[in-house]
Amino acid sequence: MSDPKPVDTKTLLEWSARYHTPNYGRAPICLVRGDGVRVWDSDGREYLDFAAGIAVAALGHCHPTITGAIREAAATLLHVSNLYHTAPQIHLAKLLCEHSFADRVFFCNSGAEANEAALKLARKYAKERLASDRFEIIATRDSFHGRTLATVTATGQEKYQHGFEPLVPGFKHVPYNDLRAMERALDNRTAAIIVEPIQGEGGVHVPDADYLPGLRKLCDQSGALLILDEVQTGLGRTGKLWGYQHAGVEPDIMTLAKALANGVPMGAMLAREEVARALTPGTHASTFGGTPFVASVALATLTTILGEKIPERAARTGAYLMERLLALARQRPVVRAVRGRGLLIGLELSRPAGPIVDACRDAGLLVLTAGERVLRLAPPLIVDERDCDRALATIDAMLARSTS
Ligand SMILES: *Cc1c(COP(=O)(O)O)cnc(C)c1O
């Protein structure tokens with residue numbers, strides 16, 4: 001094997017501090033192995049993983065079907081570029097279209113890139129089909145759309161933008177879940193609205209039932225496109241395959257990434273026919289987008305999610321977890337609110353969530369923050385009630401300790 005010589009954890013963390021760009025605030029552990037909803041660190045400690053790589057490992061770690069698909073794809077064909085057709089990419093595009101509103105798919109490598117493609121497509125479509133000065137994008141406050149210049153501009157949080165100015169022109173922000181504000185912001189310069197069906201990173205904010213239908217109506221009236229960023233909510237996370245299905249309306253463009261290939265990097269932008277047609281040959285591309293390797297893994301992921309009714313399972317387990325968390329919240333005043341859908345759940349605390357996340361990790365449970373005061377749970381969608389109970393016990397104990 002080509003593994004470097006084993007190095008003790010302390011040395012690894014020293015080298016990390018020395019050789020990485022300092023942009024991540026990483027936990028002081030080094031993870032080496034995973035199985036289902038569990039991971040192990042370099043000292044052999046076991047963790048129950050309710051973070052799932054930030055809502056990525058929907059089928060858990062090292063799922064046998066996915067590992068099998070990876071082995072087979074790696075031994076068949078890794079990459080040839082998009083100068084040629086490759087069958088896995090075609091099958092994946094077809095399957096995504098058959099199970100969504102979309103007619104066409106563009107593949108890339110991350111959520112930011114998928115959103116970048118969506119924003120570029122919206123501009124091109126609006127300029128060519130509507131009016132040459134129609135290029136503005138309306139996004140929402142507390143949103144998260146990625147870290148490229150255009151997607152960080154769309155992201156409605158100054159902390160991600162600070163220092164990178166000047167940002168991309170042509171973006172406006174309005175409060176989330178506020179149809180009036182969106183209506184006021186829309187005008188004949190608006191190319192598209194971009195929102196998450198549930199705001200993930202911004203604090204697990206679930207909009208009112210009339211929000212997405214209201215946005216759909218505003219877009220229909222004005223001609224602006226509705227872009228749904230389903231990078232976090234897509235592929236069963238919320239208890240339905242797509243977040244928009246809870247609202248009973250369809251977007252014009254949808255973006256995916258995180259769970260799409262269960263941890264192998266992949267993004268996708270899906271659009272309906274008339275909109276997608278604006279991306280004429282040569283107008284957009286990605287060298288790695290949809291390689292036969294990653295497309296095979298995504299195909300295995302999506303086939304398993306559909307075949308094993310994973311969204312329904314996430315809805316059931318999520319309802320159980322939510323009910324137990326609401327009961328917990330009644331006992332622990334430090335929990336101000338419990339929000340979410342399916343297995344994307346946020347506990348809003350009356351204090352910063354970071355120390356609770358650290359305490360949970362020390363006690364063998366990985367969880368996330370979402371904004372400063374929200375503790376976010378996004379376990380693999382295959383998690384069972386027993387592991388939910390274990391996670392609940394740890395969270396409860398850490399909350400109890402933090403209030404005493
Ligand atoms: C994670 C996330 C992104 C960014 O995805 P990357 O793969 O990190 O670029 C964009 N939008 C949403 C809603 C996300 O949760």
Side-chain angles (χ1 to χ4, degrees), residues 21 23-26 51-58 106-120 122 137 139-157 159-161 164 168 171 173 176-177 192-207 211-212 215 226-238 242-244 246 251 253-270 286 288-290 294 297-298 301 339-346 367-371 374 376-379 381:
T21 55
N23 53 308
Y24 294 110
R26 294 183 221 252
I54 319 189
V56 167
F106 167 80
F107 290 111
C108 49
N109 312 287
S110 68
E113 253 187 291
N115 285 329
E116 189 83 25
L119 297 169
K120 283 180 71 178
I137 307 288
T140 57
R141 298 209 186 113
D142 297 325
S143 60
F144 185 82
H145 299 296
R147 305 289 200 138
T148 64
L149 268 178
T151 59
V152 89
T153 303
T155 292
Q157 304 188 55
K159 67 176 179 191
Y160 294 123
Q161 300 170 337
F164 300 115
V168 177
F171 286 78
H173 292 89
Y176 189 65
N177 197 27
I193 292 170
I194 181 167
V195 298
E196 298 152 85
I198 295 174
Q199 284 188 335
E201 310 291 316
V204 192
H205 296 288
V206 184
Y211 186 57
L212 291 185
L215 292 183
L226 180 59
I227 304 171
L228 287 183
D229 177 347
E230 296 240 21
V231 168
Q232 188 155 163
T233 53
L235 296 144
R237 173 62 48 192
T238 66
W242 313 119
Y244 69 76
H246 295 281
I253 301 174
M254 169 170 81
T255 54
L256 303 175
K258 292 197 163 89
L260 185 53
N262 206 52
V264 178
M266 182 180 228
M269 180 200 65
L270 289 71
S286 166
F288 286 125
V294 67
V297 182
T301 304
R339 299 187 291 260
R341 204 166 246 160
L343 285 169
L344 177 59
I345 300 180
V367 292
L368 302 159
T369 58
V374 175
R376 178 174 32 153
L377 308 180
L381 307 183

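As the structure lists them, so they are numbered: ligands from 1, and atoms in each ligand from 1.
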A side-chain contact here means heavy atoms from C-beta on lying under 4.5 Å apart; do L212 and L228 qualify? yes

Would a distance-only check, ignoring hydrogens and angles, find a side-chain to backbone donor-acceptor pair under 3.5 Å from R341 to T238? no

Using protein heavy atoms only, decide if any is under 4.0 Å from atom 15 (O) of ligand 1. yes

May I ask you to check if ligand 1 and F144 share an N or O to N or O distance below 3.5 Å? yes

Atoms of ligand 1 less than 4.0 Å from S110 heavy atoms? 7 (O), 9 (O)

Is the side chain of R237 donor-acceptor paired with the backbone N or O of L343 at a distance under 3.5 Å, no angle test? yes

Under a 4.0 angstrom heavy-atom cut-off, which atoms of ligand 1 come close to A112? 4 (C), 5 (O), 6 (P), 9 (O)

Subset of ligand 1 atoms that lie under 4.0 Å from at least one heavy atom of D229: 10 (C), 11 (N), 12 (C), 13 (C)

Checking side chain to side chain donor-acceptor pair (under 3.5 Å) between Q199 and each of D142, N177, D229, T140, which is the one that passes? T140

Check each atom of ligand 1 against the heavy atoms of E196 and keep those under 4.0 Å away; list them by number with element. 13 (C)

Below 4.0 Å, non-hydrogen atoms only: which portion of H145 touches ligand 1? Side chain, backbone, both or neither. backbone

Mode of N115 contact toward ligand 1 - side chain, backbone, both, neither (heavy atoms, under 4.0 Å): side chain

Heavy-atom nearest option to atom 1 (C) of ligand 1, drawn from M266, E113, K258, E201: K258

Hey, are the side chains of M269 and K120 touching, using non-hydrogen atoms and a 4.5 Å cut-off? no

Qualifying residue for side-chain contact (heavy atoms from CB on, under 4.5 Å) with H145, from I227, V152, T155, T255: T155

Atoms of ligand 1 under 4.0 Å from any heavy atom of Q232, numbered from 1 in the order shown, are 15 (O)

Verify, without hydrogens or angle tests, whether H173 (side chain) and A154 (backbone) share a donor-acceptor contact under 3.5 angstrom. yes

W242 versus L256: any side-chain heavy-atom pair under 4.5 Å? yes

Considering non-hydrogen atoms of the protein only, which is the closest contact for atom 5 (O) of ligand 1, and what is the distance? G111 CA, 3.3 Å

